[in-house]
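Everything on this sheet refers to the single structure shown next.
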Amino acid sequence: MIGSTQFAKLDPELLEKFYARLRKCKHLCDGRRGRNHFCAPLGASSVRQIHFVLTGAGQQGVWWKYLTVNPADLAQPPAARKTTPDPPNQAEAAAILNEAWKIPAWGTLLWVIMVTGCRGGELWALRWSDIDLERGKVAIDTALTRKLREKATKSEQDRRSAETTRLGFARRE
């Protein structure tokens, strides 16, 4: 459908039909069931990633003047699923922390997560030297990648959290 088509000949309608076919079956089958084939739809998030790759390629084509307009800019990918987080309330958070403090390392880990709201990579890059329990401060300035390399945080801004004392969480001996 798209593989043999030049990028300049793509249009938003064709891209959206492509996204719809991927949402029905990631193998782009024609709907007929073969012996060893079962349709497996591609998730909306994966289709959105494909859209973003095509958008980037089209932007580069416009930048290099191979294209006058980026067709992927005009196509609409599947909508992102809206999440409705349900964090624990203050009493539930306190109960969780009180239970976790029975094992000091576990209590410290949960305390840091709750008071900083740091991302996973930022959490794994933390060192004990970044945490000052006496003054109630945490410094978040690096993150760990999947390849276990340190990098700047996602926002590329260092954060210092001093909210810990206001929330009343303190180190338990």
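The shown structure was predicted, so the numbers you read here are calculated from the model rather than taken from an experiment. Hydrogens, waters and symmetry mates are skipped; everything else that's a heavy atom, side chains included, is used.
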### Query
What heavy-atom pair brings P88 and E92 nearest, and what distance separates the two atoms?
CA-OE1, 3.2 Å
### Task
Identify whether I50 and F7 are in the same connected component of the hydrophobic contact network (ILVMFWY, side-chain heavy atoms under 4.5 Å).
yes
#### Entry: Distance-minimising heavy-atom pair for N70 and Q59
ND2-N, 3.2 Å
### Message
For residues L15 and V69: do they belong to one hydrophobic cluster (side chain heavy atoms under 4.5 Å, members Ile, Leu, Val, Met, Phe, Trp, Tyr)?
### Response
no
### Message
Checking the side chain of R48 only, and the main-chain atoms of A79 only, is there a donor and an acceptor separated by less than 3.5 Å?
### Response
no
### Task
Salt-bridge test for E150 and R127: reply yes if a basic N is under 4.0 Å from a carboxylate O, no otherwise.
yes
### Task
Kindly say whether E13 contributes a backbone atom to a donor-acceptor pair with the side chain of E16 at under 3.5 angstrom?
no
### Query
Taking the side chain as C-beta and beyond, is there a heavy-atom pair between R23 and L42 under 4.5 Å?
no
### Task
Count the heavy atoms of every other residue, nucleotide or ligand shown that sit under 6.0 Å from NZ of K24, and state whether that count exceeds 12.
no
### Query
Going from CH2 on W101 to CH2 on W111, what distance comes out if it is rounded to the nearest 0.5 angstrom?
7.0 Å
### Side-chain (E99) to main-chain (I96) donor-acceptor, under 3.5 angstrom
no
### Query
Does L148 share a hydrophobic cluster with L123, counting links as ILVMFWY side-chain heavy atoms below 4.5 Å and allowing steps through other members?
yes
### Query
Say you draw a straight line from NE2 of H27 to CG of L22; how long is it, rounded to the nearest 0.5 Å?
11.0 Å
### Summary
Smallest heavy-atom separation, D11 atom then P71 atom, equals CA-CB, 4.1 Å
### Query
Taking all atoms of both residues into account, what is the closest heavy-atom pair of C25 and C39, and its distance?
SG-CA, 3.8 Å
#### Entry: Pair M114-L97, side chain to side chain contact (heavy atoms under 4.5 Å, CB included): steps then yes or no
CA-CA 9 Å; M114 285 184 174; L97 278 174; 3.7 Å; yes
### Query
Rounded to the nearest 0.5 Å, what separation is found between the CZ atom of F18 and the CG atom of L54?
7.0 Å
### Query
For the side chain of N98 and the backbone of A94, is there at least one donor-acceptor N/O pair under 3.5 Å apart?
yes
### Query
Is it the case that one hydrophobic cluster holds both L110 and I140, taking links as side-chain heavy atoms less than 4.5 Å apart, direct or via other members?
yes
### Task
Nearest 0.5 Å please: distance from the CG atom of D73 over to the CG atom of L67.
10.5 Å
### Query
For P85, does its backbone N or O pair with a side-chain atom of T83 as donor and acceptor, under 3.5 Å?
no
### Task
Look only at the side chain of T55 and the backbone of H51, and say whether a donor-acceptor pair between them is shorter than 3.5 Å.
yes
### Task
Return yes when atom OH of Y66 has more than 12 non-hydrogen atoms of other residues, nucleotides or ligands closer than 6.0 Å, and no otherwise.
no
### Query
Which heavy-atom pair separates A75 from Y19 by the least distance, and what is that distance?
CB-CE1, 4.3 Å
### Cluster overlap V53 with L10, hydrophobic side-chain contacts below 4.5 Å
no
